[in-house]
Each structure stands twice: as structure tokens, then as C-alpha cells.
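Residue numbers begin at 1 in each chain, while the letters A, B, ... track the order of the sequences.
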2 protein chains.
Amino acid sequence: MAMDRDQVLRDAAALLSRKSTATMDEVARAAGIGRATLHRHFAGRDALVRALEELGIRQFEAAFDNARLDEGTAVEALRRLVAESERDAQLLAFLVTENQLFEGDQINEGWARLDARVSALFRRGQAEGDIRIDLSPAWLTEALYGLIGTCAWAVMDGRVAAKDFQYMIIELLLGGARRSVEK
Amino acid sequence: MAMDRDQVLRDAAALLSRKSTATMDEVARAAGIGRATLHRHFAGRDALVRALEELGIRQFEAAFDNARLDEGTAVEALRRLVAESERDAQLLAFLVTENQLFEGDQINEGWARLDARVSALFRRGQAEGDIRIDLSPAWLTEALYGLIGTCAWAVMDGRVAAKDFQYMIIELLLGGARRSVEK
DNA sequence: CTCGGATGAGACAGGCGCGTCTCATTCGGG
DNA sequence: CCCGAATGAGACGCGCCTGTCTCATCCGAG
């Protein structure tokens, strides 16, 4: 069975996140299937993007659940969240940059729910005294998405080693680039 | 004179960074000019993207010059660089996500030169003892681009106040999200 | 082996955006 | 005021992509 729906979507995301104007034929080739088969499973380009959004939301809902955001400190939960996000980082990279989904209502609801969970996590960290209060939860949420996407690209381009994915993101996000003496 | 070449390009970047499949007509409308006029100045879509790349490289070369990257500490230079980058942040956001320019030879040379300058800045910071050595200059460079682009989007969406642009980026990049006692 | 479902390759028409053109209008300089 | 350059609007053909179809092939189940 050459047709693994989720894997096709992942391949599509990997390609589209780099070349958003890619042809349906290019997407099919990238996924290792024929264009006809691609059309059999996704009615059209819109349906494909919708499926990508749906998969992305579903995967990250699951990632959030696996990360057990409510357990331990917010900082610990954040580390688990980044670890859980690695698998679908390319998908996130595509979705973050594909902000033309401002028409979808159902989709935005899903993103709003995810944003709320991340935002709440940062807010909890601020309440616990571990996260700076001069950086808004909304910005930290966006920055987390951005860093994950950026690192996914950097890994794809070979500028960052795949094994360093989690470390580079979490260390930069939490600790920053400046060297401090006590760390 | 309704035709300000650089302003048209900036408007195009602002639109295309959000909707990369936007029509030439949409780009023209976004820039407040007619489609015919857009075609008079940029032979086609490819030429438009090329012009965007060229403008981006030119502007950031200038931004780097204005930031005087060699003066003072690397950290100080970095603050100036972020400040100088604010004006063309949307342009950078577009160019960073538009990685389909892997064919261009001249363009890549320009980016390589910019990358080298930023990378060298971080390396200098590491040598001075102010920047962590466990985060590679290549990653810090990518992260800087990513954060600038992410913040530009967040400002466009109203999730971050425009006046906080520099602060949010530089504080997160340098200090990180974790609250530390001595800062 | 036989059969049915799934796939790949290719053909086909239709649509949409692209690139070019024309023409009327506007704007600014002389 | 006059003139020429620049612009906006629209028309037009073209090319590429899309979406659908057909048909041959493959593969697994029975």
C-alpha cells in the first residue's frame, strides 16, 4: 500500500512549506504517488490544504496532551511540548506561514484552542515566577511557533543538526543567547 | 506620482508574505496601482520576486552598515541591528519563507554575505564571552531572522504592539523567556 | 488461480491567471 | 495653455494547471 494518508500530508507540508506555489503534480511526486491518486484522496488543492490544517491541529492537540502541560512546572511542560512537537515541526512550519486560512471558521477555532493552551502555559509560568512577565504570553506563543518552524527549516537545510532540534529551541527560548554566569 | 518603486515592493512583500499565491492583480491592488503599471515596472512575477530579493538584500546591507556591527560589544551591535531591521521586517519575513530561490546564483551570494556578517557578529559575541557557545552562530542567525519575521507577522495581526517590536525580539533573543534573579 | 480494489500513466477539456496591447484620462513640465 | 509621459481600465490570446476520465497494471484476499 503506497498510500499512507498522513504520510502524504507530511510530505506535502515539507514541500509546500518551502515552495508554496508547487503544482499538485509536484506534491504528488514528492509524496511518491501519482497525481490521480492524490486527487482521489483530496478533491483539490483547497481540500489538501484543509486536510493539512486538520492534521496539524489534530497532531498538535495530541502533542499537547502527550506533553501533559498541567503537570510539573510550566518550564518542564514546555520542554516536553517542544520534544513532542519535533515530529510534526515541518507541518507546523507550513501552517504558520500559510496564514491565508483567515476565511475558515472551523479551522480558526482549532487554532484558537491551541493558542489558548500555549498561552495559558506561559501565563502559568509567569504566575509561578519562572517566566518573565515583560514578555507577553501572546508573543511567547508566536515566538515558540516561529522558532519551531525556523529550526525545522534549518534542519532541512542542514544548518542545524537534527539531533540538536529540541536543545536549540528550548535553550534559546528559555535561556536566550546571552551568556550568564550562574548557568 | 503614484508609483514609488520601493514602496510598491514593500506592499507586495507585506501581501505575499501572508498569501504567497496572491494574484498579480491582488499585488497591484495592494500597492494601490493598476495591474498594467505593475507589469510595466516588473516584467512578470519572477521579475517581481527578483526585485524583492534585490531590495531585501540592499536594504539589509544598509541596515547592517547603519548598525555599525563592528563597534562596541556584539550585544550592543545586535540591539542596533534589530532596531535597523524593523523598517523592512515584512520584507525579511517574505524572503525568509520564500526559499524557492535556491536556483538564483547572484541572489544566494548576497544572502551568503549577509549571513556571514550576522554569523560573524554572534561569533564575536561568543569570543567576547557575552554569547553562549552552546548555541551555534548559524542557528542564532536563523533564529534572529525567524524572530524578526514572526514578530512582524504578530504586529500585522495585532497580537504584538508595534512599539514593542524591538523590545520583544531583542529581549527574547538575548535573555530568553526564563526569569532570572539577577536581571 | 481468479477477482476486485487501488494505483499510475496519460488524455482531455475547462478555467484562471499571465503577459501584452489599446485607449482614454490624468498629471506635471515647459 | 499645450504637450508628452505615465497611469488605469479593460480586452484578448495564450499557456499552464486543474479536475476528471479512461485504461492498463499491480497486488492482496479468497
Side-chain angles (χ1 to χ4, degrees), chain A residues 1-56 90-91 94-95 97-104 106-107, chain B residues 1-56 90-91 94-95 97-104 106-107:
Chain A
M1 181 67 69
M3 180 66 195
D4 177 353
R5 180 187 159 95
D6 282 7
Q7 188 54 46
V8 168
L9 287 174
R10 275 179 236 279
D11 293 337
L15 172 61
L16 289 175
S17 72
R18 301 299 248 153
K19 187 178 179 181
S20 51
T21 60
T23 300
M24 290 293 278
D25 189 69
E26 291 177 293
V27 173
R29 303 291 169 165
I33 64 177
R35 193 168 67 95
T37 304
L38 183 63
H39 270 96
R40 281 187 191 100
H41 289 268
F42 307 101
R45 194 189 193 77
D46 290 345
L48 177 64
V49 174
R50 285 296 185 90
L52 284 169
E53 293 167 346
E54 189 274 336
L55 176 65
Q90 290 183 346
L91 188 55
F94 168 74
L95 294 176
T97 57
E98 199 70 5
N99 298 59
Q100 62 186 6
L101 40 81
F102 273 6
E103 312 93 21
Q106 192 74 14
I107 298 298
Chain B
M1 180 67 70
M3 181 66 195
D4 176 354
R5 181 186 160 95
D6 282 7
Q7 188 53 46
V8 168
L9 287 174
R10 275 180 236 278
D11 292 338
L15 173 61
L16 289 174
S17 72
R18 302 297 254 155
K19 186 178 180 182
S20 50
T21 60
T23 300
M24 289 294 277
D25 189 70
E26 291 177 292
V27 173
R29 302 292 169 164
I33 63 176
R35 192 168 69 95
T37 304
L38 183 63
H39 270 96
R40 283 189 191 99
H41 289 269
F42 307 100
R45 193 190 194 75
D46 290 345
L48 177 64
V49 174
R50 284 296 183 90
L52 284 168
E53 293 167 347
E54 189 273 338
L55 175 65
Q90 290 184 346
L91 189 56
F94 168 74
L95 294 175
T97 58
E98 200 69 4
N99 298 58
Q100 61 187 5
L101 40 80
F102 274 5
E103 312 92 21
Q106 192 75 13
I107 298 298

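- Comparing the end axes of the helix from C/dC1-D/dG30 to C/dG30-D/dC1, each fitted to five base pairs by superposing C1' atoms of four pairs onto the next four, gives an inter-axis angle of 30° (nearest 10 degrees).
- The nearest whole Å value for the distance from the CD atom in B/Glu26 to the C1' atom in C/dG17 is 10 Å.
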Donor-acceptor pairs are to be reported for all side-chain atoms of residues 8-17 of chain A against protein atoms at under 3.5 Å, with residues two or more places apart or in another chain.
| unit_1 | atom_1 | unit_2 | atom_2 | d |
| --- | --- | --- | --- | --- |
| A/Arg10 | NH1 | A/Asp88 | OD1 | 2.2 |
| A/Asp11 | OD1 | A/Gln7 | NE2 | 3.1 |
| A/Ser17 | OG | A/Ala13 | O | 3.2 |
| A/Ser17 | OG | A/Ala14 | O | 3.2 |

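- Residue A/Glu53 holds its CD atom at 10.0 Å from CG of A/Leu91, rounded to the nearest 0.5 Å.
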Pairs of donor and acceptor atoms involving the side chains of residues 32-44 of chain B, under 3.5 Å and at least two apart or interchain, shall be tabulated with distances.
| unit_1 | atom_1 | unit_2 | atom_2 | d |
| --- | --- | --- | --- | --- |
| B/His39 | ND1 | B/Arg35 | O | 3.3 |

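- When rounded to the nearest whole Å, the span between CZ of A/Arg5 and P of C/dA6 equals 15 Å.
- The separation between B/Leu38 atom CG and D/dA6 atom C1' is 15 Å, rounded to whole Å.
- As rounded to whole Å, 15 Å separates atom C1' of D/dT18 from atom CZ of A/Arg40.
- Pairs of residues two or more places apart, or lying in two chains, that qualify as salt bridge (charged side-chain N to carboxylate O under 4.0 Å, His left out) and include a residue from residues 25-34 of chain B are B/Lys19-B/Glu26, B/Asp25-B/Arg29.
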Check nucleotides 18-20 of chain C against the protein and report each pair of N or O atoms closer than 3.5 Å, with its distance, or say if there are none.
| unit_1 | atom_1 | unit_2 | atom_2 | d |
| --- | --- | --- | --- | --- |
| C/dC18 | OP1 | B/Met24 | N | 3.4 |
| C/dC18 | OP1 | B/Arg45 | NH1 | 3.1 |
| C/dC18 | OP2 | B/Met24 | N | 3.0 |
| C/dG19 | OP2 | B/His39 | NE2 | 3.2 |
| C/dG19 | OP2 | B/Arg45 | N | 3.4 |
| C/dG19 | N7 | B/Arg35 | NH1 | 3.0 |
| C/dG19 | O6 | B/Arg35 | NH2 | 2.9 |

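- Between atom CZ of residue B/Arg18 and atom CD of residue A/Glu98 there is a gap of 10.5 Å, rounded to the nearest 0.5 Å.
- The distance from atom CD1 of A/Ile33 to atom P of D/dT25 is 22 Å, rounded to the nearest whole Å.
- The phosphate of C/dA6 has neither OP1 nor OP2 within less than 4.0 Å of any side-chain N or O from A/His41.
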